[in-house]
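Because the structure is predicted, anything quoted here is derived from the model rather than measured. To find a chain, count down the sequence lines: A is the first, B the second, and so on, and within it residues start at 1. Both backbone and side-chain heavy atoms feed into the values below; hydrogens, waters and symmetry mates do not.
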Number of protein chains: 2
Amino acid sequence: MNILFIMYDQLRWDYLSCAGHPRLQTPNFDRVAAMGVRFTNAYVQSPVCGSSRMSFYTGRYPSSHGAQWNGFPLRVGEQTLGDHLRRLGMDCYLIGKTHMIADAEGMERLGLAPDTVIGARQAECGFDAVVRDDGLWGEGPDGFYDRKRSPYNEYLKDKGYASANPWHDNANAGVEAGEIASGWFFQNADHPANIREEDSETPWLTDRALEFMERAEGPWCAHVSYIKPHWPYIVPAPYHAMFGSNDVPPATRSDAERENPHPVYAAYMANMIGQAFQRDEVRDKVIPAYMGLIRQCDDQLGRILDRLEETGAIRDTMIVLTSDHGDYLGDHWLGEKDMFHEPSVKIPLIIHDPRAEADATRGTTCDALVEAIDLSATFIEAAGGAVPTHIVEGRALTPFLHGEVPEAWREVAISEYDYSVTPMRAKLGITSDDARMFMVFDGRWKMIHFEGGFRPMLFDLQTDPDEFHDLGENPSVRDEIARLYGHLHHWSLRNAQRVTRSEGDLEKMRGRALRVGIMPFLWDGSEVPEEATAKFRGPAGEDYTP
Amino acid sequence: MNILFIMYDQLRWDYLSCAGHPRLQTPNFDRVAAMGVRFTNAYVQSPVCGSSRMSFYTGRYPSSHGAQWNGFPLRVGEQTLGDHLRRLGMDCYLIGKTHMIADAEGMERLGLAPDTVIGARQAECGFDAVVRDDGLWGEGPDGFYDRKRSPYNEYLKDKGYASANPWHDNANAGVEAGEIASGWFFQNADHPANIREEDSETPWLTDRALEFMERAEGPWCAHVSYIKPHWPYIVPAPYHAMFGSNDVPPATRSDAERENPHPVYAAYMANMIGQAFQRDEVRDKVIPAYMGLIRQCDDQLGRILDRLEETGAIRDTMIVLTSDHGDYLGDHWLGEKDMFHEPSVKIPLIIHDPRAEADATRGTTCDALVEAIDLSATFIEAAGGAVPTHIVEGRALTPFLHGEVPEAWREVAISEYDYSVTPMRAKLGITSDDARMFMVFDGRWKMIHFEGGFRPMLFDLQTDPDEFHDLGENPSVRDEIARLYGHLHHWSLRNAQRVTRSEGDLEKMRGRALRVGIMPFLWDGSEVPEEATAKFRGPAGEDYTP
């Protein structure tokens, strides 16, 4: 079996027709859902790209792997999917985005050169990079990503796009009166991107994935990781014109949310992104483009599915569709992601498992509380291994795929967010360490704990599915808060760093001290069988005592 | 300045005359105390050798570095004193014991050969090993330590000791009627070890330390790490005869402790070591030998101090005397260490700081709540560096050494213990992850939290300095327990794994997205200065839009 692990960036869980979107048709996502299981309660471990992805790739919570925000390098030696899968004979490839920052200092300290196989994998989050491109390509020395990381820009230049930065000037900008109409400006979101559709980011990456699948020998896991529908919100024709402001759902927001808001939530509502998405004109321009980008993703997914069907490879390919987090799009008076409302922290997750054991669940949904870190564990099992529970904190979803009920499934999903480098930290006047928040969600009650002395937030999704009413200060739910804090505290004391000793290793260690003769409890040796102390007896040889 | 970081193994805090021992004179420990500061409330991060030492060497809690018990390898890449000090131009050497287990799997995974400088340091906990010997040398393939690790045994063989394992047969055994009288049997603890005193472990290591100091060029930090007074409890003449059963203090234990004991404590009282030390004949044999071993350590310390004074090196040598944990010796009905009563978790800590700033504190004591991990931070400052607070969790003791009052010192000391590979886990019927306990001590109240659903233990050291009365079930102290749990929970959510980004790095990252043009909040660009969006404007070039 091969694994096609497809990730979209900032794709909301509910912007798919199989998830009930009222206007957006995604027939190819739906096609995979019909072949597999759609998980309706899947949560990321952090609602921000880099941190969330490092959790997907390590199977560990952000506070375990340490890369708690974009640009925090994943520490050298932290084990990833690549480590686990290669041990099982499965190669692990990257085609697209990871948001990985290499721990260059750590690599240098350990003498790992980036141009060795080991070094390259350390620098690429454990993957063998077929192509790595994170998008968001700035130009020149102050560019957000450096030149080497943009094979896409080089591709566009080869194709004759004459700009110094065609990623921006063509793929992510329109034209207005001969001038660049940048996709960075929301007012331009309804323009078609100034690029041939087949050269835009999503088809380009799909081509790379198809090329890979054509020549790859299995078993492999391929992480096909799209940059879209992440901003800049702009899409080439014909997708730019498929949706209009009349297709934009009303914002899920309530004036109640602005009455006595939690201070951290208030700071996010007041930031520039929140302010922008509170304007209807922004939503009316952006959301149709966002929908167009998703529709383009869907069409490109169709190409991959068609190819898998044509070659028959679909019969031994696990297909996973997911996202690194959602997008507020003005819901809850916010833009971007960052906090833990459903539009941000909940993700689409659809898995097609080709094995016969999964036949009974095809086309069904699963409501279990699932975490992004569960994918690593699922893939390890799919590759024929046992999950190394001393390293991987997620749990395999195999039982759900095979119509079984796992024993003692998790009671809460946990997500974390470190906002220490955001302007909100300074605005709130807190330290870096205090600029952290944690979600504890049991499927009904969602509590957010904040470091820094703030009160918690609490939502009851049963009576308040839109999460409008923060009950964090409501004395009537004190018991629920205490119960959820109990879960948080149990989780926070989890044994996450004992990564060098497996449960099997512990079993082998048990009793070892006695076996090798370490027995600091003997009066005369009669306490244990004679053979255990035989080596401590015998002729003394020369007598050195006075 | 050089740092002479001397560690004893299993040396109780109160078995020194400067700490008030009624019978044992330790003039050389006292001599350092007269030159420096004796810390009266110093606690280890785990009352077991390996885990405690890894905390000393990394400056991090066991659940941060992951080596939570003996034989759990320190994960490859985990930074140690060696990493921090070498960056500051100070070499870092080992002479003696570390209890380090190399992460062989991790080293192989990263391609680090043990015979390279980087590999050797990874395998030796960051030290350059002048000599590594952990003692407890078993013989043959089932030996506890393998042959390569026993330079001491090779030394004895070179000296003509004819046994296959002179570590045991001579250094740790006496003679009785021509037969080996093993030091593993408590009944033999009053025998003189069958070895010339100058060849026994403590003088042997002292010789190695003196040799090192003679030839070493600074600045250096030398970890001189003795194996004694750790068991086997046996000592060569004349030390074997210096103390007798009349010098043995009464056991600090009370029948009250056996009434309704906490289940984990009860399991420890019932283990073979506890049972042995509950017998007066064991204490009467063992404790005089333990005192003799300490007295020998003291004499050997005198040799080092004399040499430092003769050469004048004492004027630029920081001297640190400490231990990795204590020894119950029958107190609280227990032997060994493992739990968190004062005889186990509290350690001696004496620091001579040669700098003039420390003149005012010479010969004083400091009652601040100090942790073993503070030494790493102290050494980093002594080497001229700033403590990398994103990695090192301890705090520098420099202010206390210099007579200053640090702001906002810690409110609680934390210690951890993982007993997953001990027989107590199976006896209690709990999982490996649940076989963990945590001490939270604020200087008066000491609470022990147990995973696995047990109630906490609580002692009030103000009214009950001997820790006889476990108040864990006493409703009158519910508020204290809740308060200490608050500290535990705050600690458990600490930011311990963000080791690749310093506070300074975060500061540099702040605002970077805006600086490089990542601004997903612009309507038309007028929201920011024109130069910030200049690169998004200009002639569009060829028009590809339909």
Side-chain angles (χ1 to χ4, degrees), chain A residues 66 68 71-73 75-77 103 106 111 118 138 142 144 162-163 175 178-180 182 184-187 192 194-196 231 237 272-273 276 420-421 432-433 489 492-493 495 497-501 506 509-510 516-518 520-525 535-538 540-541 543-546, chain B residues 66 68 71-73 75-77 103 106 111 118 138-139 142 144 162-163 175 178-180 182 184-187 192 194-196 231 237 272-273 276 420-421 432-433 489 492-493 495 497-501 506 509-510 516-518 520-525 536-538 540-541 543-546:
Chain A
Q68 286 137 300
F72 291 10
R75 64 187 286 176
V76 66
D103 177 10
I118 290 174
D142 61 345
F144 198 62
S163 158
V175 190
E179 295 286 309
I180 293 168
S182 175
W184 283 110
F185 306 150
F186 295 149
Q187 71 171 3
N194 187 21
I195 193 166
R196 297 179 202 101
W231 42 257
M272 289 192 288
I273 296 161
S420 58
V421 301
S432 294
D433 279 346
H489 296 145
S492 70
L493 283 172
N495 206 359
Q497 301 303 329
R498 197 242 297 142
V499 292
T500 57
R501 278 286 181 250
L506 301 190
M509 288 177 76
R510 286 177 183 130
V516 300
I518 304 293
F521 53 80
L522 302 173
W523 173 255
D524 58 9
K535 68 169 107 175
F536 302 144
R537 302 174 192 278
D543 189 342
Y544 298 91
T545 61
Chain B
Q68 285 136 301
F72 292 10
R75 66 187 285 177
V76 66
D103 177 10
I118 290 173
E139 193 187 344
D142 60 346
F144 197 63
S163 158
V175 190
E179 294 286 310
I180 292 168
S182 175
W184 283 109
F185 305 150
F186 294 150
Q187 69 171 3
N194 187 22
I195 193 167
R196 297 180 201 102
W231 42 257
M272 290 191 290
I273 296 162
S420 58
V421 301
S432 295
D433 279 347
H489 295 145
S492 70
L493 283 172
N495 205 359
Q497 301 304 330
R498 196 243 296 142
V499 294
T500 57
R501 278 285 182 252
L506 301 190
M509 289 176 75
R510 286 177 184 132
V516 300
I518 304 294
F521 52 80
L522 302 172
W523 174 255
D524 57 9
F536 303 144
R537 302 176 191 275
D543 190 341
Y544 298 90
T545 62

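The nearest pair of heavy atoms linking B:Phe521 to A:Ala276 is O-CB, 3.7 Å. Considering all non-hydrogen atoms of both residues, A:Trp231 and B:Ile518 come closest at CH2-CG2, 3.5 Å. Across A:Val175 and B:Thr545, no two heavy atoms sit closer than the pair CG2-CG2, 4.2 Å.
Partners of B:Asp433 by side chain to side chain contact (heavy atoms under 4.5 Å, CB included), not counting sequence neighbours, listed by chain and number: A:Asn495, A:Arg498, B:Thr431. The side chain to side chain contact (heavy atoms under 4.5 Å, CB included) test applied to B:Val421 returns A:Leu506, A:Met509, A:Arg510, B:Trp69, B:Phe72, not counting sequence neighbours.
When each of A:Gly541, A:Gly525, A:Gly106 is scored by its heavy-atom pairs under 4.5 Å with chain B, the top score falls to A:Gly525. In terms of heavy-atom pairs under 4.5 Å with chain A, the best-connected choice from B:Gly111, B:Gly71, B:Ala162 is B:Gly71. For the set A:Leu493, A:Val76, A:Ile118, the count of heavy-atom pairs under 4.5 angstrom toward chain B peaks at A:Leu493.
Using a 4.5 Å heavy-atom threshold, the side chains of A:Arg501 and B:Gln68 count as separate.
Residue B:Trp523 touches chain A through both its backbone and its side chain, counting heavy-atom pairs closer than 4.5 Å. Residue B:Ser420 touches chain A through both its backbone and its side chain, counting heavy-atom pairs closer than 4.5 Å. With a 4.5 Å cut-off on non-hydrogen atoms, B:Ile273 touches chain A through its backbone and its side chain both.
No donor-acceptor distance shorter than 3.5 angstrom exists from the side chain of B:Thr500 to the backbone of A:Asp103, with no hydrogens or angles considered.
Taken from OH in A:Tyr544 to CD1 in B:Ile195, the straight-line distance is 8.5 Å, to the nearest 0.5 Å.
Ring geometry, B:His489 versus A:His489: the interplanar angle falls under 30°, so the pair is classed parallel (tilted spans 30 to 60°).
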